[in-house]
Structures are given as structure tokens and as C-alpha cells.
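Report on the structure given below.
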There are 2 protein chains.
Amino acid sequence: MGQITEFPFAPANKCRGRQRSVEAEASVLKATLYLLERKSLREITTEAIAQRAGVSKTTIYKWWPNKNLVALDAYLSSMTARVVMPDTGSAFKDFTLQLRSVTSFYKSPLGRLFGQFIAEGQSDPAILSLFRERFLYARRDAARVMWQRGVMRGEIRKEIDSEIVLDLIYGPMIFRLLTGHGSLAEDDSEAMVAAVFAGIGLPGYKEAKVPTPRRRQKKS
Amino acid sequence: MGQITEFPFAPANKCRGRQRSVEAEASVLKATLYLLERKSLREITTEAIAQRAGVSKTTIYKWWPNKNLVALDAYLSSMTARVVMPDTGSAFKDFTLQLRSVTSFYKSPLGRLFGQFIAEGQSDPAILSLFRERFLYARRDAARVMWQRGVMRGEIRKEIDSEIVLDLIYGPMIFRLLTGHGSLAEDDSEAMVAAVFAGIGLPGYKEAKVPTPRRRQKKS
DNA sequence: TTCCAACTGTACACCGCGTACAGGTTATCG
DNA sequence: CGATAACCTGTACGCGGTGTACAGTTGGAA
């Protein structure tokens with residue numbers, strides 16, 4: 001609750017006149033989730049959401065600018081703690097479990113939405129930006145905690161930027177997810193994290209030095 | 001040339017009647033590229049292509065199933081050797097140069113198409129599949145050669161599956177490209193490849209062992 | 001009780017897709 | 001040379017989804 005009111009596009013209620021219907025909002029989000037579990041974002045129409053929610057299409061357009069943002073809202077409202085953030089005492093195990101969990105979720109119907117938001121974002125900067133702010137960064141902040149623990153325990157090189165570490169761990173699987181060119185099996189999660197930790201270079205071969213990275217785009 | 005005839009959806013010419021107009025095809029591809037350099041794939045309409053190409057819309061639909069596949073065709077026809085495949089004698093340098101080159105191309109207007117095809121592919125399996133077959137796999141085959149050289153020279157661990165290696169190197173940057181959450185600067189390419197080679201784990205810390213991966217989905 | 005804003009339902013303008021149809025054009029075959 | 005077949009062109013159109021307009025109804029706060 002209180003989700004929508006944080007949105008920049010939500011009109012303010014001036015406390016006079018009829019109150020906003022809470023059931024209508026909840027019903028819209030619920031109907032949207034129902035449909036998203038069965039069809040892709042592109043296939044779903046605003047009309048279908050309105051109909052299933054038992055709400056007028058006009059009402060939807062009153063509170064959300066378009067279908068995609070209804071979907072993003074529904075996605076966020078349902079995503080609270082659906083993916084594990086483990087704390088096993090080993091960064092390697094933490095990341096492996098996490099990547100496995102994320103990957104298996106992303107294979108699910110609702111998880112596919114992840115890719116669909118990115119897809120819509122390619123032609124709609126607004127939704128991509130909102131997706132980053134309200135979803136991706138939250139995820140990364142949580143994952144950065146796992147990284148931090150690993151650094152403090154002396155398991156992870158502290159000279160490598162955390163942004164790079166996170167992208168190295170999650171990027172490859174997300175790449176596979178989006179293009180479908182590679183396996184998303186559980187073993188692969190482990191193999192990838194293992195490779196990221198150990199490096200692909202042979203220990204003897206020492207040309208590949210890790211340069212100290214310049215700090216960039218610090219998030220608050 | 002001869003590009004279109006390889007397509008499964010291209011009708012066969014029975015050698016009777018008027019011949020297919022080569023200028024029309026070339027004109028369509030050229031017009032499409034022109035438009036794609038200025039607008040996103042989603043913004044471009046079939047009519048606009050037809051108009052700019054000086055060709056009837058019907059003709060386009062005769063040879064291509066839809067706009068996206070016209071664009072893919074145009075993209076492929078223009079992409080031959082636009083990105084470097086270096087051979088410096090060092091796998092680390094090769095991959096760094098390559099990633100840098102790829103990234104800078106993907107930042108360009110035409111390069112953005114990469115993400116837009118993946119985006120369309122999220123709701124259209126056919127185009128995603130064609131994108132993999134005709135673009136991605138060709139790229140990866142070429143990159144695998146760099147990997148192979150590295151393995152033979154003793155620079156890269158041979159026990160790590162090449163699919164994983166390639167995804168580790170390219171996945172993170174593509175992830176950044178698609179979501180826009182991270183920097184795409186040249187320094188980052190080098191830092192990423194360096195991290196992939198050296199690993200993020202501290203040398204002393206030895207829990208992260210690389211398991212021998214099961215072979216999967218061998219491509220011909 | 002008044003008043004305002006949220007709701008409902010229908011209608012509609014707009015746009016892009018893909019097809020249909022009626023013509024005109026250029027090649028090969030007999 | 002004429003017939004035939006497949007290409008091309010142009011216009012028109014049905015379809016479906018978007019987002020808005022408008023008229024009317026409902027409910028809560030002053």
C-alpha cells in the first residue's frame with residue numbers, strides 16, 4: 001500500500017470530494033498479475049485488465065500513464081522477498097545460491113517480466129529508468145551487502161569495484177535469459193560464480209593485472 | 001547479396017515471369033538503415049520504409065514477413081566486419097580490444113539495434129531465434145577463436161567451458177547496455193576483462209574451486 | 001445539504017499492421 | 001508473336017489497441 005502515491009504521475013488528493021477507491025487499485029494490480037502470469041506484457045491490453053479487474057478503463061488511465069507502468073507497479077508489489085538473499089558465511093556460497101534463485105525465478109512466467117520490462121525500456125526511457133530506480137537498484141543494494149561481507153572476510157579482492165563484481169556475477173545469466181543462447185540450469189549458476197571467483201586466467205600466466213578502477217557514479 | 005534467398009520465408013522464383021527487382025530489395029534495405037540510424041525500431045513504420053525506398057508497401061510484405069525482419073536483414077547486411085576481431089598474441093589484449101570495440105559500437109545509433117532486436121525477441125520467439133542464428137552465433141564463433149588461441153597458449157584455463165567464458169566477458173557489458181545502470185566507458189571494458197581473467201577471489205582464499213562443467217548443447 | 005472528485009460506460013479519433021484487389025510491367029515459353 | 005506467369009504499383013480497407021472526451025452517477029468531507 002501507499003505504493004502509487006509515491007509515483008510522480010499520481011495526482012494529489014485534495015481531501016475534498018470522493019476518496020480514491022482502494023479496492024479499485026488493488027483489483028487492478030491483482031488482475032494485472034493474473035494476466036501477466038498467463039500472457040506476455042505485449043499481449044495484454046489495458047481493456048483486458050480493466051475488464052478482469054471490474055474497473056473502468058478510464059479509471060486505470062486516471063492513475064497510471066499506460067499499461068507498462070501498471071505492470072511494473074504490479075510486479076513490484078508482488079516481488080517483495082520472492083528471491084533469497086542468503087548469508088551462509090561464505091561469499092561464494094551466497095552468490096551461488098542467489099544466482100541460482102534469481103535464475104530459477106526469471107525462468108518462471110512472472111520472472112519473465114524482468115526481460116519484458118527491459119525490452120519495453122529499449123523504446124521507452126521512462127519505464128527503463130523507473131525499472132532501474134524501483135527494482136534493479138534495490139536488488140543490487142542487497143547484493144552489494146553480500147559482496148561487502150565477502151570483502152571484509154577476506155574472500156573477495158577489495159580493489160575491484162563492486163559494480164563490476166555484481167555485473168560479472170549477474171550479467172552473464174541475464175544475457176542468457178534475454179537471448180536464449182545458453183543454458184539456465186542450476187549447475188551453470190554454480191559454474192559461473194566459480195569461474196568469476198577463480199578467474200579464467202591460468203595462475204601461472206600473469207599478464208592480466210587488475211587495474212585499480214576509478215570510482216564512478218556513486219549511488220546514495 | 002543472396003542474403004534474402006536463404007530466408008525460410010522467401011518464395012522461390014520459378015524462373016517464369018518477371019524477375020525480382022534487385023534495386024527494390026537494395027533500396028528497401030538502404031532506406032531501412034537510413035531510418036534506423038535516426039529512429040528506434042519501434043518508431044519506424046513499414047509505410048515509412050516503403051515511402052523512403054520508393055517502393056510499394058505490398059512489395060515489402062511480399063518478401064519480408066514484417067518490419068522487424070526487414071530491419072534484421074538490413075542490420076546483418078551492414079554489419080559485415082564492423083567490429084574488430086583482434087589477434088595480438090595475448091588473449092587478454094584480444095578480449096579487451098574486442099569488448100571495447102563492441103561496446104563502442106553498441107553505443108552508436110545502429111549499434112543500439114542490438115538491444116532492440118533482443119527487446120522485440122522477448123515477445124516474438126521467431127525474431128529472437130533468427131537473431132541468434134544469423135547474428136549472435138556468428139559473433140560467438142569468432143570470439144571462440146580468440147578463446148581457443150588463449151587456451152593453446154596457456155593463458156586461459158582449459159577446464160572452463162568456452163560458453164561460460166564468452167558470457168562472462170560479454171554478458172556484463174550487454175547487461176549494462178540494456179538496462180543503462182552502469183558505465184559503458186572504455187576503461188570499464190579493460191577493467192572487466194581484467195577481473196574476469198584474474199578472478200574476484202583473493203588468491204589466498206581457496207574455497208572457490210572451478211568444477212569441471214558437464215558439456216552441454218554443442219553447436220555445430 | 002452542498003460540492004467536488006472519483007467512478008462508470010460509451011463513443012471515438014488515431015495509428016500502425018497486414019491483406020485485398022485492380023491494375024500495369026517484364027520476363028520466359030510455345 | 002502471343003500467352004502466361006510472376007513481379008511491381010496504388011489505393012482501400014478491416015482489425016485491434018491506444019488514449020481521450022463526454023455525460024452521467026456515486027460517495028465522502030465540509
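Remember, predicted model here, so these are calculated numbers, not experimental data. For the numbers below, each heavy atom of this structure counts, side chains included, while hydrogens, waters and symmetry mates do not. In the text below, chain A, chain B and the rest are named by the order of the sequence lines, each starting its count at 1.
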Task: A:Glu43 CD to D:dT18 P, straight-line distance once rounded to whole Å - done: 12 Å

Task: Lys/Arg-Asp/Glu bridge criterion (N-O < 4.0 Å) met for B:Lys93, B:Asp87 - done: no

Task: Side-chain N or O of A:Trp64 closer than 4.0 Å to phosphate OP1/OP2 of D:dG19 - done: no

Task: NZ/NE/NH1/NH2 to OD/OE distance under 4.0 Å, B:Arg42 and B:Glu120 - done: yes

- [ ] For B:Glu47 and for B:Ser56, find the nucleotide of DNA chain D with the closest heavy atom, then tell me which residue's nucleotide is more 5'.
- [x] B:Ser56

TODO: Would you check if A:Val28 and A:Trp63 make a side-chain contact, meaning some heavy-atom pair closer than 4.5 Å?
DONE: no

- [ ] Go through the structure and list residues passing side-chain contact (heavy atoms from CB on, under 4.5 Å) with B:Glu43, not counting sequence neighbours.
- [x] B:Lys39, B:Ser40

- [ ] Return the value, rounded to whole Å, for the distance between atom CD of A:Gln51 and atom C1' of C:dT10.
- [x] 14 Å

Open item on the list: Rounding to an integer number of Å, can you tell me how far A:Asn66 CG sits from C:dC15 P?
Closed with: 18 Å

TODO: Classify the nucleic acid contact of B:Thr45 as base, sugar-phosphate or nothing, counting any heavy atom under 4.0 Å across all strands shown.
DONE: sugar-phosphate

Open item on the list: Just the rounded figure in Å: distance from P of C:dG16 to CD1 of B:Ile49.
Closed with: 12 Å

- [ ] Tell me which nucleotide among C:dG9, D:dC8, C:dT19 gets nearest to the side chain of B:Tyr61.
- [x] C:dT19

TODO: Rounded to the nearest angstrom, tell me the gap between atom NZ in A:Lys62 and atom C1' in C:dT8.
DONE: 13 Å

- [ ] Give one of base, sugar-phosphate or nothing for B:Lys57, where a contact means two heavy atoms less than 4.0 Å apart.
- [x] base

Task: Under-4.0 Å side-chain N/O to phosphate OP1/OP2 contact, A:Thr58 with D:dA21 - done: no

- [ ] To the nearest Å, give me how far apart CD (A:Glu25) and P (C:dA6) are.
- [x] 13 Å

TODO: Determine: side-chain N/O of B:Trp63 to OP1/OP2 of D:dC7, distance under 4.0 Å, yes or no.
DONE: no

Task: Axial cation check for B:Tyr106 ring with B:Arg112, 6.0 Å and 45° limits - done: no

Task: Rounded interatomic separation in angstrom, taking CG from B:Leu69 and C1' from C:dG18 - done: 14 Å

Open item on the list: Heavy atoms only, 4.0 Å cut-off, all strands: where does B:Thr46 land among base, sugar-phosphate and nothing?
Closed with: sugar-phosphate

Open item on the list: I need the NZ-C1' distance between A:Lys39 and D:dG17, as an integer number of Å.
Closed with: 13 Å

